[in-house]
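Note sheet for the following structure.
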Number of protein chains: 2
Amino acid sequence: MSHTAGVRAAQKQRTRQALLEAALDLLAEQSLSSLGLREVTRAAGVAPTAFYRHFHSTADLGVALVEEALGSLHPLIGHTVSAAGDTGERIARAIDLIARHVREHPAHVRFVARERNGGVQPVRAAIAGQLARFTREVRTGLAADPESAGWSDEDLLMLAGLYVDQMLATAAAFLEAEPGQERDIAREAARRLRLISIGRRHWLG
Amino acid sequence: MSHTAGVRAAQKQRTRQALLEAALDLLAEQSLSSLGLREVTRAAGVAPTAFYRHFHSTADLGVALVEEALGSLHPLIGHTVSAAGDTGERIARAIDLIARHVREHPAHVRFVARERNGGVQPVRAAIAGQLARFTREVRTGLAADPESAGWSDEDLLMLAGLYVDQMLATAAAFLEAEPGQERDIAREAARRLRLISIGRRHWLG
DNA sequence: AATTTCGGAGAACAGTTGTTAACTGCATGG
DNA sequence: CCATGCAGTTAACAACTGTTCTCCGAAATT
């Protein structure tokens, strides 16, 4: 039962993944707009022309990387926003989650932070799209909270955007941090989130 | 009294400025890490080798651009933070100031937003240094406000950092906005700042 | 007036880039 | 079992890159 997807298609996927991983590696020390097609294929161990079997251009590859970096993160969002516990516990857990994610996928995080305002328009658009989705998801999560009673949809979206921006800024800070500084960054991020949640509590009236 | 700086040095400065402006133009559609030396000299109308008389590399030129983009902004900061008026008026004035700055110097703003997390380490470091300076200046401005009574220096620095990040995010949003959307972005930014200032008011206790 | 300094030009270098064309070999579907 | 499809290779192209060395002319110094 069930074909294991075909020997042929499987091998294609392996090459595609090799290209994506090689690119991600190279992007540790440069921006996407300077990433060369040959450079990528060389690092992936395939011929330059093989690239065209998978992507039209490096910009196209970048869009695929956005999907890989952010696409699988959506389930996590709603689950985290509507977690149990008091405000302090929820803040600590959210920051812990960010820290772990940055530790486990530093290249993906770096890529997103770098290309969010980078020099390749389609990639910027793809990232903006994913972040807008995150924002709507956080909004939905917040709406379920009893503390959001009386809030307009517009204001909830504003708060969600503030949170998403803050999450990304914290992740970027973790990335740039030298070993041992993570504690300080976590404390600063917690204070920021605490201030925002205080503002949230007194928003009405 | 006073030599007008010498014909020779003056011409050198003109060429240097031509290189910086040509680079800034080219950086509208790419990142610094893909900016070529020859590309810059071609756009500036000088020979490739002339580049070396002014910069060691394009990374070096990038650091100079950071200075040009952010160096002259410091006086403005303290003046804006410690302005008169109630909270709403001060928020509106700050956002207006950002909007005007983005309108008048879009290339500089784009450059900073893009290279803040870009692929060229010395430039990232230069931007981080300038933003840290901004944060300290905002902190000093906030400290003068009677509303900051009882605040620890650490907390003031946290709040200042939050403001600086928010300013940059707003500027970046203005940049990406299509004509006519500026009003909405200004309104969203105002709401964010209002929420933060509410959090500030209730921070203690 | 003679000499030094120095910003910029010119030519040449080895190496790299994206893209094209024609090919090879093997998994696939009839 | 055979013919088709297609991922990947090889070779070649014109164009471009950063860097070096040599030179020129005019401003600056003496």
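Sequence lines set the chain letters: A, B, ... in the order given, protein chains first and strands last, and positions in each chain run from 1.
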Whole angstroms only, please: what is the [atom1]-[atom2] distance between [X] and [N]?
| X | N | atom1 | atom2 | answer |
| --- | --- | --- | --- | --- |
| A:Gln30 | C:dT17 | CD | C1' | 13 Å |
| A:Arg16 | D:dA7 | CZ | P | 13 Å |
| B:Phe55 | D:dT19 | CZ | C1' | 18 Å |
| A:Asp60 | C:dG18 | CG | P | 14 Å |
| A:Phe51 | D:dA7 | CZ | P | 15 Å |
| A:Leu19 | D:dA7 | CG | P | 13 Å |
| A:Tyr52 | C:dT19 | OH | P | 4 Å |
| B:Leu35 | D:dT17 | CG | P | 10 Å |

>> Pick the closest DNA chain C nucleotide for B:Ala47 and for A:Ala9 by heavy atoms, then say which residue is nearer the 5' end.
In response: B:Ala47
>> Let's go through A:Gln130 and A:Glu67 carefully: what are the C-alpha distance in whole Å and the side-chain angles of both, what is the deciding distance for side-chain hydrogen bond (donor to acceptor under 3.5 Å, both in side chains) to 0.1 Å, and is it a yes or a no?
In response: CA-CA 8 Å; A:Gln130 291 284 345; A:Glu67 193 62 30; 3.3 Å; yes
Could you check which of [options] has an atom nearest any side-chain atom of [X]?
| X | options | value |
| --- | --- | --- |
| A:His54 | D:dT9, C:dA11, D:dG8 | D:dG8 |
| B:Ala50 | C:dA9, D:dA28, D:dG8 | C:dA9 |
| B:Lys12 | D:dA27, C:dG7, D:dA11 | C:dG7 |
| A:Arg42 | D:dT9, D:dG25, C:dT17 | C:dT17 |

Test for a donor-acceptor pair under 3.5 Å between the base of [N] and the side chain of [X], counting only N and O atoms.
| X | N | value |
| --- | --- | --- |
| B:Arg38 | D:dT19 | yes |
| A:Thr49 | D:dT10 | yes |
| A:Arg53 | D:dC6 | no |
| A:Thr15 | D:dA7 | no |

> Looking at side-chain heavy atoms only, is the closest gap between A:Ser148 and A:Arg200 below 4.5 Å?
Replying inline: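 Side chain of A:Ser148 against side chain of A:Arg200, heavy atoms only: contact under 4.5 Å found.
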>> Among A:Lys12, A:Glu68, A:His54, exactly one meets side chain to side chain donor-acceptor pair (under 3.5 Å) together with A:Gln17. Which residue is that?
In response: A:Glu68
> If you measure from OG1 on A:Thr58 to CG on A:Leu19, what distance do you get to the nearest 0.5 Å?
Replying inline: 12.0 Å
>> If I take atom CG from residue A:Leu162 and atom CE from residue A:Met167, how far apart are they, to the nearest 0.5 angstrom?
In response: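 One finds 9.5 Å between CG of A:Leu162 and CE of A:Met167.
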> Which residue lies toward the 5' end of DNA chain D, B:Leu37 or A:Arg14, if each is placed at its nearest nucleotide?
Replying inline: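 It is A:Arg14 whose nearest nucleotide is closer to the 5' end.
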